[in-house]
Undergrad: 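Here it is, the structure in full.
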Amino acid sequence: MTFQVINPATGEQVREIPVWDDSILEAALAQVAEVTPGWVATPLDERCALMRKAAQVLRDNKEKYAQTITLEMGKLIKDARAEVEKCAVVCDYYAEHGPEFLQDEIITSDAGRSYVAYLPIGTVLAVMPWNFPFWQVFRFAAPALVAGNTGVLKHASNVPDSAMCIEEVFCEAGFPPGVFRTLMIRASQVKHVIEDPRVNAVTLTGSEPAGRSVASTAGACLKKSVLELGGSDAFVVLEDAELDDTVNTAVASRFLNTGQSCIAAKRFIVVDAIAEDFVMRFKAGVEALQMGDPADESTTFAPMARVDLRDDLHKQVVDSVKAGAVVVTGCTVPDQAGAWYPPSILDRVEPGMRAYHEELFGPVAIVIRARDEVDAIRIANDSPYGLGGSIWTGDNKRGENLARQMQSGATFVNGLVKSDPRLPFGGIKHSGYGRELSHHGIHEFVNAKTIWIK
Ligand code: NAP
């Protein structure tokens, strides 16, 4: 059995990498278990210094890693470079702030002295997706390793080279071998790893079905889990929004990474008073995107990551159109090799259509019309997901008030929803539980231990 690297822009197989059998997996887990006590005991300032070196390795090899990402999953080369840089930033962030986040928290009680110590819990398994193949891993690994845990990665099957490059970053930075290991295993082997007594916790970023499966195994083993799952973020446009900025951000937010982002704006909920104007301008912005070779610097719109994902997306579109949704632009599969799908808009999406209820993980925006702000928030919350969302209005106070009513892990007012190491990231409802980034992220995989001294 092999992992295949397939260039999404051409459909050509670039190379094959063998899947590990059980004996190689066992050797890797044994190595990680052996190195873990030493890593736990390594002083925090040394762990932070190594994380700074990891940031440097990322910057020194930015071009190589960016090319790997673009070849494997089709991201625009300039976005791939930005992704590698963002990973370096998160490594620096936790190297700088880790000591402050992990310092003992003094609590006054009946003790002579009592406090909470934030101590590592051991080895954490990360099951990760392909859409930001470096960023998703580093935003887990930087805080987990600084906190004194060791990490093992099961990456998505279509990005095996990225998976191996990430282990290389930590090795070249000087982390002891085994503190971070990439496991070249299939999804079917994940259950066995979670059940292994040498693994203490699991985090998964990916789809709802994968989340359910991992969480149920972790639950049966009584192991901590964090889930970062899908989203169908609302982008609510009110009648007093400044439309130029709103539409520019709408295009960026939906079509960045060819729409394959968990926090992409997916449902454009627009009040009737400006819906026609918004759709007309949105269409013009979307049609200006230039589909082309992602390795070419001038391209503004890349292929999707895999043909099967493209075909699934198109089926969701076709079913929604059959149910009455209106095609504004795109929505046809181009007659060319590779995982291409044009930037697309569906208007008049309503309850009962797949596009209304399901996540569209690709370059298709849906427009849902609302009567007013109350109706818009009702629609925004009429979703199984609750990851991010945004509100567009000329009145920040009005936006803030509505933001607090939106059922999501984050709501931005007049801004593009994005991840930022300084701000917690995560969802509610079927978008998962737990938080990454900020001090919340580093506290997910630690033992918040009470120390009481008479
Ligand atoms: P996916 O199919 O769930 O894959 C994600 C990872 O889980 C891959 O490593 C995959 O391995 C593994 N996996 C799949 N089924 C599994 C199972 N039953 N048990 C254990 N592991 C399993 O998701 P995807 O299509 O790659 O990613 C897209 C989804 O991820 C979208 O829903 C998106 O919104 C979500 N996402 C969420 C966030 C967030 O932060 N909330 C960020 C990015 C993406 P294989 O590749 O070998 O199948």
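Index from 1, following the sequence. Computed from a predicted model, the values in this text were never measured in an experiment. First listed ligand is number 1; within each ligand, the first listed atom is number 1.
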Undergrad: For ligand 1, what are the residues with a heavy-atom contact below 4.0 Å?
TA: V127, M128, P129, W130, N131, Q136, R139, K154, H155, A156, S157, A187, V190, L204, T205, G206, S207, A210, S213, V214, E228, L229, G230, G231, C262, E359, F361, L387, F425
Undergrad: Y65: what forms a ring pair (Phe, Tyr, Trp, His ring centres under 6.0 Å) with it, not counting sequence neighbours?
TA: F134
Undergrad: If we ignore hydrogens and angles and just use 3.5 Å, is the side chain of E359 paired with the main-chain N or O of G231 as donor and acceptor?
TA: yes
Undergrad: State which residues pass salt bridge (charged side-chain N to carboxylate O under 4.0 Å, His left out) with R186; sequence neighbours excluded, sorted by chain then number.
TA: none
Undergrad: Within a 6.0 Å radius of atom NZ on K418, are there more than 12 heavy atoms belonging to other residues, nucleotides or ligands?
TA: no
Undergrad: I'd like to know whether H97 forms a side chain to side chain donor-acceptor pair (under 3.5 Å) with E100, so could you lay out the CA-CA distance, the side-chain angles of the two residues, the decisive distance to 0.1 Å, and finally the verdict.
TA: CA-CA 5 Å; H97 296 282; E100 161 200 336; 3.2 Å; yes
Undergrad: Using side-chain hydrogen bond (donor to acceptor under 3.5 Å, both in side chains) as the criterion, list what pairs up with E195, not counting sequence neighbours.
TA: K191
